[in-house]
Amino acid sequence: MSSIKHFLQFKDFTREEFDYLFARTRWIKDQFKNYKQYWPLTDRTLVMIFEKASTRTRLSFEAGMQQLGGSAIYLNTRDSQLGRGEPVEDAAQVISRMSDIVMIRTFEQEIIERFAANSRVPVINGLTNEYHPCQIMADIFTYIEHRGPIQGKTVAWIGDSNNVCNTWLQAAEVLDFNVHVSTPPGYEVEAERAGLYGTANFEQFSDPMEAAKGADIVTTDVWTSMGFEAENEERLKDFADWQVDGDMMRIAKSDAIFLHCLPAHRGEEVTAEVIDGPQSAVWDEAENRLHTQKALMEYLLLGRVNS
């Protein structure tokens, strides 16, 4: 089982592998846009295990697998033995004998790590409390589509230092770009949780405007992530000065793009002027979850493909 390749954190792949995956994504997306059938995963089955609710993750994986010629099965832990106390290790043994690849959207990273350690097939992290690698693959591909290589560029993360922020920080190390993070006091990046050990690609700012100054990408997420709903009222107060608005976009580079993993709350973490404005690439970003994940599944199941 140790020879099986998984995608559990962004740093699981090298820069060379991501270069391949982004090139592959472009080709696969071109086939889709030109209505060309491409079924490399005929008779392959993806199992999708959800412990956290989802729109984009389920849709992009299920549609993506079908568009590659395979099939997808949805499992919710509320409706399976996983939700009734079956050990993760046992579930992994059974599910991986009946499928070709597994995507899991769950809480603690430890859960997906334990599942992968007992799986006979590749496992993909569809989101955990700590990381969201598929989202950042889509985000970076979106920037490449709009502006070219991300190496040496600056990403400004404004808001909560959550799983998406943690993954941006890992990606910066792997792909050699910079991340400026600005959070309210008490919500700073936890270096160990983000997997950072003395990286030169990360800088923390107390002032969100300073973080956004000269940035190539300005990005954020909701102020209250899943699991923190009880803190919503307090967070609305704490994050009030960390809204991405027109002034912040104007202090970034003139050709900066705005990204948001969605769903978004207009008037909270971002103004309507920005998310619906000309610098926003959020709809391309959302669609690109589909195409980057198709390239990812193809790579995990077939290795490098020349076509």
Side-chain angles (χ1 to χ4, degrees), residues 5-22 24-25 52 56-57 103-117 122-144 149-183 187-205 211 215-222 225-226 257 259-261 285 288-289 292-293 295-297 299-300:
K5 196 161 190 65
H6 305 294
F7 189 52
L8 309 182
Q9 301 183 35
F10 198 92
K11 66 181 183 181
D12 287 344
F13 289 174
T14 64
R15 185 192 302 183
E16 182 186 22
E17 286 177 299
F18 282 114
D19 287 344
Y20 166 79
L21 284 168
F22 294 138
R24 197 75 198 130
T25 297
K52 281 190 171 187
R56 280 152 291 276
T57 296
M103 184 281 299
I104 304 177
R105 184 177 172 95
T106 186
F107 290 92
E108 292 80 15
Q109 181 74 13
E110 179 200 14
I111 295 172
I112 200 168
E113 301 279 352
R114 286 165 56 200
F115 191 104
V123 177
I124 297 171
N125 181 352
L127 175 143
T128 61
N129 288 346
E130 291 84 358
Y131 305 112
H132 200 354
C134 291
Q135 180 64 55
I136 301 308
M137 269 191 67
D139 291 4
I140 292 171
F141 179 73
T142 302
Y143 182 79
I144 291 170
I150 198 169
Q151 186 175 2
K153 304 300 183 182
T154 297
V155 176
W157 176 269
I158 310 298
D160 192 17
S161 60
N162 61 11
N163 50 1
V164 182
C165 175
N166 289 341
T167 310
W168 270 116
L169 295 171
Q170 281 199 356
E173 288 191 272
V174 176
L175 300 179
D176 191 25
F177 59 89
N178 305 301
V179 181
H180 291 175
V181 176
S182 183
T183 70
Y187 297 91
E188 294 87 356
V189 171
E190 299 173 24
E192 185 176 342
R193 191 166 182 260
L196 298 172
Y197 302 95
T199 175
N201 301 82
F202 158 59
E203 190 173 353
Q204 181 90 32
F205 291 79
D216 299 278
I217 297 172
V218 179
T219 184
T220 189
D221 197 356
V222 295
S225 298
M226 284 183 286
I257 65 170
L259 298 177
H260 190 308
C261 62
E285 175 189 10
N288 282 334
R289 284 287 301 277
T292 51
Q293 289 165 191
L296 175 63
M297 289 189 289
Y299 178 61
L300 290 173

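Starting from 1, each residue takes its place in the sequence as its number. What you see is a predicted model; the values in this text were computed from it and never measured.
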Could you state the interatomic distance from [atom1] ([X]) to [atom2] ([Y]), rounded to the nearest 0.5 Å?
{"X": "D139", "Y": "I144", "atom1": "CG", "atom2": "CD1", "value": "11.0 Å"}
{"X": "E188", "Y": "S182", "atom1": "CD", "atom2": "OG", "value": "9.5 Å"}
{"X": "I217", "Y": "N178", "atom1": "CD1", "atom2": "CG", "value": "11.5 Å"}
{"X": "T154", "Y": "E203", "atom1": "OG1", "atom2": "CD", "value": "9.5 Å"}
{"X": "C261", "Y": "R289", "atom1": "SG", "atom2": "CZ", "value": "8.5 Å"}
{"X": "Q109", "Y": "L8", "atom1": "CD", "atom2": "CG", "value": "6.5 Å"}

For D216 and Y143: C-alpha separation, side-chain torsions, deciding distance, then whether side chain to side chain contact (heavy atoms under 4.5 Å, CB included) applies.
CA-CA 9 Å; D216 299 278; Y143 182 79; 3.8 Å; yes

Can you check whether [Y]'s main-chain N or O pairs, donor with acceptor, with [X]'s side chain at less than 3.5 Å?
{"X": "T128", "Y": "T106", "value": "no"}
{"X": "T167", "Y": "H132", "value": "yes"}
{"X": "T183", "Y": "D160", "value": "no"}
{"X": "H6", "Y": "V123", "value": "yes"}
{"X": "E130", "Y": "N166", "value": "no"}

Quick one: list whatever passes salt bridge (charged side-chain N to carboxylate O under 4.0 Å, His left out) with E17, sequence neighbours left out.
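Counting only residues at least two positions away or on another chain, E17 forms a salt bridge (charged side-chain N to carboxylate O under 4.0 Å, His left out) with K5.
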
Please identify each residue that fulfils salt bridge (charged side-chain N to carboxylate O under 4.0 Å, His left out) with R15, with sequence neighbours left out.
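Not a single residue meets the salt bridge (charged side-chain N to carboxylate O under 4.0 Å, His left out) criterion with R15.
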
When you compare the side chain of [Y] with that of [X], does any pair of heavy atoms fall below 4.5 Å?
{"X": "Q293", "Y": "T25", "result": "no"}
{"X": "F202", "Y": "H180", "result": "no"}
{"X": "T219", "Y": "I158", "result": "no"}
{"X": "T57", "Y": "C134", "result": "no"}
{"X": "F22", "Y": "L175", "result": "yes"}
{"X": "I104", "Y": "N125", "result": "no"}
{"X": "L259", "Y": "V155", "result": "no"}
{"X": "V189", "Y": "L169", "result": "yes"}

Determine whether the side chains of Q170 and Q9 contain a donor N or O and an acceptor N or O closer than 3.5 Å.
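Note: Q170 and Q9 side chains meet the donor-acceptor criterion.
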
Give the intermediate values and the outcome of side chain to side chain contact (heavy atoms under 4.5 Å, CB included) for residues I111 and E108.
CA-CA 6 Å; I111 295 172; E108 292 80 15; 3.4 Å; yes

Take N162 and Y187 through the test side chain to side chain contact (heavy atoms under 4.5 Å, CB included) and record every step on the way to the result.
CA-CA 9 Å; N162 61 11; Y187 297 91; over 6 Å; no

V179 versus W168, closest heavy-atom pair with distance
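Closest approach of V179 to W168: CG2-O, 3.8 Å.
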
Determine the minimum heavy-atom distance between F10 and P133, stating which atoms define it.
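Looking at all heavy atoms of both residues, the shortest contact is N-CB, 3.8 Å.
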
Could you please spell out the steps behind the side chain to side chain donor-acceptor pair (under 3.5 Å) verdict for N129 and N163?
CA-CA 6 Å; N129 288 346; N163 50 1; 6.0 Å; no

Begin with the C-alpha distance, continue with both residues' side-chain angles, and end with the deciding distance and a verdict on side chain to side chain contact (heavy atoms under 4.5 Å, CB included) for I136 and V164.
CA-CA 7 Å; I136 301 308; V164 182; 3.7 Å; yes

CD of Q151: more than 12 outside heavy atoms within 6.0 angstrom?
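Enclosed.
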
Which residues share a ring-ring contact (aromatic ring centres under 6.0 Å, His included) with F13, sequence neighbours left out
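Once residues adjacent in sequence are excluded, the partners of F13 under the ring-ring contact (aromatic ring centres under 6.0 Å, His included) criterion are F7, F18, Y299.
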
